[in-house]
2 protein chains.
Amino acid sequence: MAETLTATALTLKDIAREAGVSLATVDRVLHNRPGVRPDTVRRVKAAIERNSFQPHVAAAELARGRARRFAFVMPSGPNPFMQQIEAYLGEMSAWLAARRLGVEMVTTDVFDPSALAASLEALSGDYDGVAVVALDHPGVRAAINDLVDAGTKVVTLVSDVPSSRRHHYVGIDNIAAGRTAGALVGRLVGQRSGKVAIVAGSQGLRDHAERIFGFNQVMATEFPGLSVLPVLEGRDEDDRSEQLLGRLFGSHADIVGLYNVGAGTQGVAKALNDKALNDKALNDKALSEVGRDKQVVFVGHDVTALTRRLLLQGVMDAAISQNPGHEARAAVRVLLALARGEPILSEQEKIRIDIVMRDNLP
Amino acid sequence: MAETLTATALTLKDIAREAGVSLATVDRVLHNRPGVRPDTVRRVKAAIERNSFQPHVAAAELARGRARRFAFVMPSGPNPFMQQIEAYLGEMSAWLAARRLGVEMVTTDVFDPSALAASLEALSGDYDGVAVVALDHPGVRAAINDLVDAGTKVVTLVSDVPSSRRHHYVGIDNIAAGRTAGALVGRLVGQRSGKVAIVAGSQGLRDHAERIFGFNQVMATEFPGLSVLPVLEGRDEDDRSEQLLGRLFGSHADIVGLYNVGAGTQGVAKALNDKALNDKALNDKALSEVGRDKQVVFVGHDVTALTRRLLLQGVMDAAISQNPGHEARAAVRVLLALARGEPILSEQEKIRIDIVMRDNLP
DNA sequence: GGTGTTTTGAGGTACGCAACTCATTTTGAG
DNA sequence: CTCAAAATGAGTTGCGTACCTCAAAACACC
């Protein structure tokens, strides 16, 4: 009827007695300090294993005295997603303070890898951990590796540098996100056939490129009735996205689906709206006859104030979302666990790809 | 360029000096102990506010010494979702041990409110916190209130008792979940019209009833082309669900959508499969002609080994999921925060309604 | 002014561990 | 066997809080 999940409450002293050594030796083993014979190390570790001993985090944290400092290196500029991450970090301030964790924000130009690398190098030595929204570039990779070598824990956030030796990546699998977007567009279009448009910031951005790759993959294999038009590069700007898309709508009458890979959502929505007005003017059918199914299926990314409104209005059909609050908290938790030498609850820290439609808006 | 988020590292001693009182008095104020003049209380609280002082959790945890004990009261029987929750709690064991948290599982019959109430009453006094998968029943409500009155922190898990004085509910909004299911079925069916079947465990279960309510709401207002058939009550059993559904398929040829509200997924899938074979035998069309769009759109709940397989095979189109790992961890974190008197990160502990399709399977 | 009560101060102990020192023992090389 | 180096033991201190005791001070009331 009742079953216990947790171990006993042993202390280091008990382990020392068990292993037949002194407290000092256990301490040396626990912290990989030199001066212990391999054989003794084994004995101590065995005693720890045998009792599945876990140092009391509170005691450890208290004893080490020094507060921990983390830095978040984020892109400058008005990116709403990044602003959300910062906001959620702000909400954690009481939580952080109670644990004597110092978190500092460092901003740097997104599109300048060498500036990012320099910012990272500048952090060396001052921080226990660094979370960085990274660019995949040799200089950045080197800077990350340098930090790791200096003993700083490093996690990449949102955008990964898999070739670096960063300890962890907190973010989604962008190829899977693109596949999900593709499946949604395809399924929501239904039996109709026609063309599908893609608007991205730039194909040079790793995350955008990966999403497009996943999207095309699904379209090619599963929705032969739909053909994907060449990618429009809107540079995440509203005006540019609107113009490019407007022109595309002009030259292709049979566009039934639209995937917006990055930002610039405002512009995309405007172009869509213009097209709808245009279509209505062209033929005399009543609105009810045009109906939902005549509309362009529109799938994008991230839940912001704008996409929330578009979802509620029915302009947007689904948003692929990575929960920024979860990402912020996961980054802090992972850094803390790494710094403490605790295991990471990988299931907990994994960022899911959320499909958000009108009725499950968070 | 760099901005700090966290406060200074004051201690109780500093607050005492600031307020012009002794450590003992600060301690009395902090823990609402009697014997302090209202005026002095005000002075101390002002000093705490002014410095936005947060007691060091590690020190507090260490000082109080006593380990905390939590109980999880869960339904007995082979419910895969509940088993997943238990499994995730098991994965946390190192995390729990490092914090000297004891978590115990208590199982009780799901469908017997008085047994549940008795189990809850039996816990009184022994635990700092209780998480319970509750039934909404007067006896259970009373038992929960008794626990709360005795100083035990109580959170309801998965299924709420809103009328009780439980401190927190960890679970999803089931009406919104039903609405989401409805929107998915409607949108994935596309332009076709026809009938939609619902299989539930029992309409007496609060969560099932709420989901059905939400589902019908969306169907009625947004998909006039689809008509919902009367709910089949499969009691979450495979065989019964299969039979009921098979009979329904026999009497209605134009079923285009199916919503499985609870468990019994295996049976539902079997009935669907039989129908597919049947349809193929009846007409001579090639499979390619029948195509995806002739299939019944199938939306259900929860990602289990079975639903995962069905999603990958394309039998199931989407699963509405509440992340069991998140629920388990959120319940523990909320209980811990309540026990410590810390604020709860409500955004973090909110359980989202996940839409899971093949490409964003976790 | 004296009495009893309430409020406050001062101080101690304990929690489990990190980090350190210094003395002592063990080990291995010559 | 000798001696230096390596390994280990024993012990101390401090982290910031909770919780406790006891005495002193302030207060209220008659």
Side-chain angles (χ1 to χ4, degrees), chain A residues 7-45 47-48 51 53-68 96-102 128 151 339-342, chain B residues 7-45 47-48 51 53-68 96-101 128 339-342:
Chain A
T8 50
L10 299 177
T11 72
L12 275 185
K13 214 187 299 182
D14 301 312
I15 298 300
R17 189 164 358 95
E18 271 254 342
V21 298
S22 74
L23 255 174
T25 301
V26 177
D27 183 69
R28 289 182 184 113
V29 172
L30 217 54
H31 300 91
N32 303 310
R33 279 189 261 274
V36 185
R37 227 171 326 173
D39 185 59
T40 314
V41 173
R42 232 170 292 131
R43 248 178 38 237
V44 173
K45 286 198 169 166
I48 292 177
N51 300 285
F53 168 77
Q54 289 279 134
H56 193 318
V57 275
E61 209 53 26
L62 188 56
R64 66 190 301 287
R66 219 183 78 246
R68 301 186 192 272
L96 294 168
R99 286 157 186 76
R100 300 299 184 268
L101 299 176
D128 300 283
R340 285 177 173 169
E342 286 182 9
Chain B
T8 49
L10 298 179
T11 72
L12 276 186
K13 217 185 296 183
D14 301 312
I15 299 300
R17 190 167 353 97
E18 272 254 342
V21 298
S22 75
L23 251 176
T25 300
V26 177
D27 183 69
R28 289 181 184 114
V29 172
L30 218 53
H31 299 92
N32 304 309
R33 277 189 262 274
V36 185
R37 230 169 325 176
D39 185 59
T40 314
V41 173
R42 232 169 294 132
R43 251 180 30 239
V44 173
K45 286 198 170 166
I48 292 177
N51 300 285
F53 169 77
Q54 289 279 134
H56 192 319
V57 278
E61 209 50 27
L62 184 58
R64 65 189 303 285
R66 219 184 79 246
R68 300 185 193 273
L96 294 168
R99 286 156 186 77
R100 300 301 186 265
L101 299 177
D128 300 282
R340 285 176 173 170
E342 287 181 10

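First the proteins, then the strands, lettered A, B, ... as listed; each starts at 1.
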**Student:** Which whole-number value in Å describes the distance from E342(B) CD to dT17(D) P?
**Tutor:**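 Those two atoms, CD and P, are 13 Å apart.
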**Student:** Backbone N or O of R33(A) within a donor-acceptor pair of the R28(A) side chain at under 3.5 Å?
**Tutor:**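 Pair absent, no side-chain N/O of R28(A) close to backbone of R33(A).
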**Student:** For R37(B) and A24(A), find the nucleotide of DNA chain C closest to each by heavy atoms; which residue's nucleotide sits nearer the 5' end?
**Tutor:** R37(B)
**Student:** With a 4.0 Å limit, can you tell me whether T40(A) has a side-chain N or O closer than that to the phosphate oxygens OP1/OP2 of dT8(D)?
**Tutor:**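 For T40(A), the contact criterion (side-chain N or O under 4.0 Å from OP1 or OP2 of dT8(D)) is met.
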**Student:** Ignoring backbone atoms, test whether R33(A) places a side-chain nitrogen or oxygen under 4.0 Å from the OP1 or OP2 oxygen of dA19(C).
**Tutor:** yes
**Student:** Identify which nucleotide among dG16(C), dG9(C), dT21(C) has an atom closest to any side-chain atom of V21(B), counting heavy atoms from C-beta outward.
**Tutor:**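 So the nucleotide nearest the side chain must be dG9(C).
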**Student:** May I have the distance from K13(B) (atom NZ) to dG14(D) (atom P), rounded to whole angstrom?
**Tutor:**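 Interatomic distance, NZ of K13(B) to P of dG14(D): 11 Å.
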**Student:** Between dG16(C) atom P and R100(B) atom CZ, what is the distance in whole Å?
**Tutor:**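 Going from R100(B) (CZ) to dG16(C) (P), I get 8 Å.
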**Student:** T25(B) side chain N/O closer than 4.0 Å to the phosphate oxygens (OP1, OP2) of dG9(C)?
**Tutor:** yes
**Student:** Is R68(A) salt-bridged to E61(A), going by a charged N under 4.0 Å from an acidic O?
**Tutor:**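 A salt bridge is present here (some side-chain N lies under 4.0 Å from a carboxylate O).
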**Student:** Taking OP1 and OP2 of dT8(C), is either one under 4.0 Å from a side-chain nitrogen or oxygen of S22(B)?
**Tutor:**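 For dT8(C), neither OP1 nor OP2 has a side-chain N or O of S22(B) closer than 4.0 Å.
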**Student:** In residues 53-65 of chain B, what residues come within less than 4.0 Å of DNA chain D, judged by heavy atoms?
**Tutor:**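 By residue number: F53(B), P55(B), H56(B), A59(B), A60(B), A63(B).
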**Student:** Both distances under 3.5 Å, Watson-Crick or G-U wobble: report the partner of dC15(D), or none.
**Tutor:** dG16(C)
**Student:** Go through dA18(D), dG16(C), dC22(C) for me and flag the one nearest to the R28(A) side chain.
**Tutor:** dC22(C)
**Student:** Rounding to a whole Å, what distance do you find between D27(B):CG and dT13(C):C1'?
**Tutor:** 14 Å
**Student:** Run the numbers on V29(A) and T40(A) for side chain to side chain contact (heavy atoms under 4.5 Å, CB included), then give the verdict.
**Tutor:** CA-CA 9 Å; V29(A) 172; T40(A) 314; 5.8 Å; no
